[in-house]
Amino acid sequence: MFRGQAVPVEPLVPDRIHDIDLAIASTPDEVAVECAPWFVEQGGVVVDESAAHRMRDDVPLVVPEINADAVAGHSGIIASPNCSTTQLVLCLGPIQREFGIRRVVVTTCQSASGAGDAARQELLTGTRELLSGQPHQNKQFEHPLPMNLWPKIGRILENGSTSEEHKMVLESRKILGDDNLRMAVTCVRVPVENCHSEAVFVETEQPVAPQQVSELFRESPGITVLDDPAALRLPAPIQCSGHDDVFVGRIRRDDSVEHGVAFWCVSDNLRKGAATNAAQIAELLVENRLVENSR
Ligand SMILES: NC(=O)c1ccc[n+]([C@@H]2O[C@H](COP(=O)([O-])OP(=O)(O)OC[C@H]3O[C@@H](n4cnc5c(N)ncnc54)[C@H](OP(=O)(O)O)[C@@H]3O)[C@@H](O)[C@H]2O)c1
């Protein structure tokens, strides 16, 4: 049932896929690898949430506020980025346009729901167990998350980074169109149910003042500035959950470099980090008649 109406749910098998112009796919990577091509072979277009196709040359990786033009070059699949990448590039895009970017340093605080619904449930159940003195056995996370945090998301790579950190670098470069963008990333899983937060330091090419960045963010689509520490109005996960915008606060000078700005951004990873972005890509395709053209 959805909004009071029965919606049929069918198994995802190739011979059931007919006359589908546009599909939004939100499955594990291995399912996307196998199944997305089925829709394309039938003349359909797939907006894919998974990481399976994001770095393919023939697959645009799109955050509509930043690189909407990229959809024009699609060949059947358009990818939506990693949730941590989306909120980051939404903020970096305007800074890149106005001031140029030399280097980015970011630490993420990623919620349990970013690892899927079973992981979100494990955090809630585990927290109840811990507070009532019962033993907690982690299954979804490789380390217990309640009252804890874990500085490793994905696999450890040869250079000591994790696959999640590597994804953020490659995806940000692709969306911002700068293959040489210098980035240092640390991804941390935190015991928050929903919404990812990021501490971001940006070294710019041109001189930059926090007030300029604040004004730039205020006029940028998809961003809400919430930056009044005196009134205790700053972005925090519980307050940002359920909203489509990326919330930014703590905008300040980074005095450790010649031209630098620092800020904190929070986004609902299930909304702008996933579903909202995919729906916006779908709207973009329809508005630009890029669905019909592929048939
Ligand atoms: N969570 C986030 O913040 C986030 C953000 C950006 C991107 N993503 C990406 O979005 C995708 C889904 O993530 P999630 O967090 O929603 O994970 P999830 O809560 O574990 O959900 C996985 C979904 O995939 C479906 N599925 C699994 N195998 C399938 C199959 N063989 N055929 C059809 N459907 C199948 C599941 O359907 P059933 O429930 O019926 O099993 C479920 O709806 C992943 O690729 C993830 O990397 C997630």
Side-chain angles (χ1 to χ4, degrees), residues 1-2 7-17 20 23-39 44 46-56 59 61-64 66 77-90 108-125 139-142 145 153-155 162-168 170-172 174-175 187-198 222 237 240-246 265-282:
M1 299 297 289
F2 180 72
V7 180
V9 176
E10 298 184 33
L12 186 55
V13 287
D15 59 8
R16 299 274 182 107
I17 298 168
I20 293 178
I24 296 181
S26 186
T27 68
D29 292 351
E30 58 278 13
V31 178
V33 167
E34 188 185 1
C35 305
W38 298 342
F39 292 85
V46 181
V47 179
D48 186 32
E49 297 268 27
S50 84
H53 306 284
R54 287 178 193 151
M55 293 312 297
R56 275 173 44 181
V59 173
L61 180 62
V62 178
V63 174
I66 304 300
I77 300 175
I78 297 93
S80 186
N82 177 290
C83 34
S84 303
T85 305
T86 302
Q87 69 186 81
L88 179 67
V89 297
L90 199 72
T108 71
C109 302
Q110 297 182 220
S111 69
S113 72
D117 197 48
R120 186 188 67 84
Q121 303 273 8
E122 180 170 295
L123 173 67
L124 298 181
T125 311
K139 290 191 185 122
Q140 298 298 320
F141 292 112
E142 60 189 22
L145 193 60
I153 302 180
R155 298 171 288 118
T162 65
S163 50
E164 181 84 350
E165 290 156 0
H166 190 57
K167 261 189 242 175
M168 278 187 74
L170 296 185
E171 293 181 17
S172 299
K174 181 168 177 176
I175 297 161
C187 290
V188 183
R189 186 74 67 193
V190 297
V192 165
E193 183 182 0
N194 191 40
C195 283
H196 293 350
S197 307
E198 296 178 356
C240 300
S241 187
H243 294 276
D244 287 322
D245 269 14
V246 172
C265 69
V266 180
S267 166
D268 186 328
N269 49 284
L270 301 180
R271 292 277 194 120
K272 183 58 182 169
T276 304
N277 199 64
Q280 286 176 314
I281 295 172

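The analysis underlying the following values was restricted to heavy atoms, covering all of them including side chains, and did not include hydrogens, waters or symmetry mates. In each ligand, atom 1 is the first atom listed, and ligand 1 is the first ligand listed.
Side-chain N or O atoms of Glu165 include one that pairs as donor or acceptor with a backbone N or O of Thr162 at under 3.5 Å. Without hydrogens or angle criteria, Gln110 side chain to Val188 main chain gives no donor-acceptor distance under 3.5 Å. His196 places a side-chain N or O within donor-acceptor distance of the main-chain N or O of Ser111, the cut-off being under 3.5 Å. Side-chain atoms of Asn269 do not come within 3.5 Å of backbone N or O of Cys83 as any donor-acceptor pair. With hydrogens and angles disregarded, a donor-acceptor distance shorter than 3.5 Å links the side chain of Asn277 to the backbone of Val62.
Contacts between Ser80 and ligand 1 below 4.0 angstrom, taking non-hydrogen atoms only, are absent altogether. The backbone and the side chain of Asn269 each have at least one atom closer than 4.0 Å to an atom of ligand 1 (non-hydrogen atoms only). With a 4.0 Å cut-off on non-hydrogen atoms, Val31 touches ligand 1 through its side chain and not its backbone.
Heavy atoms from other residues, nucleotides or ligands lying under 6.0 Å from NE2 of His166 number 12 at most.
Note that atom 5 (C) of ligand 1 has protein non-hydrogen atoms nearby, at separations under 4.0 angstrom. For atom 45 (O) of ligand 1, the nearest protein heavy atom lies closer than 4.0 Å. Distance remark: protein heavy atom present below 4.0 angstrom from atom 27 (C) of ligand 1. There is a protein heavy atom closer than 4.0 angstrom to atom 12 (C) of ligand 1. Proximity of atom 39 (O) of ligand 1 to the protein is not indicated, since no non-hydrogen protein atom lies closer than 4.0 angstrom. Counting only heavy atoms, the protein gets under 4.0 Å from atom 30 (C) of ligand 1.
In this structure, the protein non-hydrogen atom closest to atom 22 (C) of ligand 1 is Pro28 CD, 4.2 Å. Atom 35 (C) of ligand 1 has its closest protein heavy atom at Thr27 CG2, 4.1 Å. Counting only heavy atoms of the protein, atom 17 (O) of ligand 1 lies nearest to Gly116 CA, 3.8 Å. Atom 33 (C) of ligand 1 has as its closest protein heavy atom Leu12 CD2, 3.8 Å. When hydrogens are left out, the protein atom nearest atom 19 (O) of ligand 1 is Asp117 N, 2.8 Å; that is the closest non-hydrogen contact.
For ligand 1, the atoms closer than 4.0 angstrom to any heavy atom of Ala274 are 5 (C), 6 (C). Listed by number with element, the atoms of ligand 1 under 4.0 angstrom from any heavy atom of Gly273 are 5 (C), 6 (C). Close contacts between ligand 1 and Glu49 involve ligand atoms 7 (C), 9 (C), 10 (O) [criterion: under 4.0 Å to a heavy atom]. Of all atoms in ligand 1, numbered sequentially from 1 with element shown, those under 4.0 Å from a heavy atom of Gly114 are 1 (N), 2 (C), 3 (O). Heavy-atom contacts of Leu270 reach the following atoms of ligand 1: 1 (N), 2 (C), 3 (O) (cutoff under 4.0 Å).
Using a cut-off of 4.0 Å between Lys/Arg side-chain N and Asp/Glu carboxylate O, Glu164 and Lys167 are scored as salt-bridged. Using a cutoff of 4.0 Å between basic side-chain nitrogens and carboxylate oxygens, Lys272 and Asp244 are not scored as salt-bridged. Salt bridge status for Glu171 with Arg54: present, with a side-chain N to carboxylate O gap under 4.0 Å.
Of the inter-residue distances, the one linking Met168 atom CE with Thr108 atom OG1 reads 6.0 Å to the nearest 0.5 angstrom. Separation of atoms OG (Ser113) and CG (Leu124) is listed at 10.0 Å; rounding is to 0.5 Å.
When all heavy atoms of Ser197 and Pro237 are compared, the closest pair comes out as OG-CG, 3.7 Å. Between Ala115 and Phe141, the shortest heavy-atom contact is CB-CE2, 3.8 Å. Pairing each heavy atom of Val31 with each of Thr27, the nearest pair is CB-OG1, 3.5 Å.
Residue contacts with ligand 1: Ala118 is excluded, as none of its non-hydrogen atoms falls under 4.0 Å.
Across the listed options Ala119, Ala278, Ala112, Ser26, Ser26 owns the non-hydrogen atom lying nearest to atom 43 (O) of ligand 1.
Between Arg54 and ligand 1, no N or O atom pair is found at a separation short of 3.5 Å. At least one N or O atom of Ser113 sits closer than 3.5 Å to an N or O atom of ligand 1.
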